[in-house]
Amino acid sequence: KVPNELEPTFAVRDYGVSMSDEDIKRTYTVFFKSSKNDSNDQIGGFGLGAKLPFAYTDQFTVTTFLNNQKTVYLACKENSLPVLKKVLTTPSNEPRGVLIEVPVKEGDQYTFVRALSDFSKYSTFNMKYSDESIRKNAMVNTDLQLFLDQFNPNIKLYNNSNRYDSELIIRLGGVAYDLGNGRRQLFNSFDLAHRIERKISRKIGVHDWDVLSIEDGTSVVVDFPVGS
């Protein structure tokens, strides 16, 4: 759920296995303890992700749907430490899963919209947004990608709608991390894309720049498999 002026709440709902009372208290009140400690097949594992809303607000709600019951918890801070308080439990026919709701401060709605747009641009997750303006707007450079996949399928080239929006992205477990763009850019992704283009053209003996076309706004995304 994307926040707006009428409903200033950012919400995320999943339809996974949900969480028991014991699981949710352990997850939301203990730092640096993770359910992923024994696995290299998932991102995270630092015991911080579930507590991220505390970096923005002092309290938020967590709702679980499990065994035909809906349970609402208030996550808040007491003496700078996270505390979880059960608010209510009621019968529910909703599918199992977890709902996180974070109140958004006045004037921050657009910041959330922009951040969600940036996140979804290169994400591989299948997400549905309440605001249809949030959508993937980076398209794979299909002509060049056909050649690139023969040599390194973990590198993807995207054409952005904004010709000045060239980015170098590291994607781990489907989550995209921007290494910096614009004047803050650590690497020139446009030049990197051209170097990739020239390397492929030499390998396959193609020198038709209309076929291997790099345009302004080309971003380079490097995929790292989880556990690598």
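We number each residue from 1, following the sequence as shown.
Note that the OH atom of Tyr177 and the CZ atom of Phe119 stand 8.0 Å from one another [nearest 0.5 Å]. Distance check, rounded to the nearest 0.5 Å: CG of Asn67 to OG of Ser92 gives 11.5 Å. One distance of note links CD of Glu78 with OG1 of Thr29; it measures 12.0 Å at 0.5 Å rounding. In this structure, OH on Tyr73 lies 9.0 Å from CE on Met19, to the nearest 0.5 angstrom. Considering CZ of Arg13 and CD of Glu101, their distance stands at 10.5 Å, rounded to 0.5 Å.
The shortest heavy-atom contact between Tyr28 and Ala50 is CE2-O, 3.2 Å. Between Pro95 and Tyr15, the closest heavy-atom pair is CB-CD2, 3.9 Å. In terms of heavy-atom proximity, Val17 sits nearest to Leu66 at O-CD1, 3.8 Å. The heavy-atom pair separating Lys85 from Cys76 by the smallest distance is CE-SG, 4.0 Å. Residues Gln109 and Lys105 approach most closely at OE1-O, 4.0 Å, considering heavy atoms. Taking each heavy atom of Val104 and Pro3 in turn, the nearest pair found is CG2-CB, 3.8 Å.
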Problem - Trace of the side chain to side chain contact (heavy atoms under 4.5 Å, CB included) decision for Thr57 with Val102 - result: CA-CA 8 Å; Thr57 184; Val102 179; 3.9 Å; yes
Handout entry: Full working for side chain to side chain contact (heavy atoms under 4.5 Å, CB included) between Lys86 and Asp21
Key = CA-CA 9 Å; Lys86 185 182 295 187; Asp21 187 73; 3.2 Å; yes
Exercise for the section: Run the numbers on Ile100 and Phe10 for side chain to side chain contact (heavy atoms under 4.5 Å, CB included), then give the verdict. Expected result: CA-CA 8 Å; Ile100 313 295; Phe10 169 61; over 6 Å; no
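Cluster annotation: Val113 and Met127 are assigned to the same hydrophobic cluster (Ile/Leu/Val/Met/Phe/Trp/Tyr, side-chain heavy-atom contacts under 4.5 Å, transitive). The hydrophobic cluster containing Val12 also contains Phe54, counting ILVMFWY residues as joined when their side-chain heavy atoms lie under 4.5 angstrom apart, directly or transitively.
Side-chain contact between Thr63 and Lys70 is present, with heavy atoms from C-beta onward closer than 4.5 Å. A 4.5 Å side-chain heavy-atom check between Glu106 and Pro8 finds every atom pair outside the cut-off.
No side-chain donor-acceptor contact under 3.5 Å links Asn79 to the backbone of Leu81. No donor-acceptor pair closer than 3.5 Å links the side chain of Lys25 to the backbone N or O of Ser20. The main-chain N or O of Thr64 is never found under 3.5 Å from a side-chain atom of Ser18 such that the two would form a donor-acceptor pair.
Taking a 6.0 Å sphere around NZ of Lys1, one finds it holds more than 12 heavy atoms contributed by other residues, nucleotides or ligands.
Tyr56 meets the ring pair (Phe, Tyr, Trp, His ring centres under 6.0 Å) test with Phe112; sequence neighbours excluded. When the salt bridge (Lys or Arg N to Asp or Glu O under 4.0 Å) test is applied to Arg96, no partner is found at least two apart in sequence or on another chain. Residues that satisfy the side chain to side chain contact (heavy atoms under 4.5 Å, CB included) test with Arg114, not counting sequence neighbours, are Tyr110, Thr111, Asp118.
Screening Val221, Asp223, Val175 against Tyr122 for a side-chain contact (heavy atoms from CB on, under 4.5 Å) leaves a single residue, Val221.
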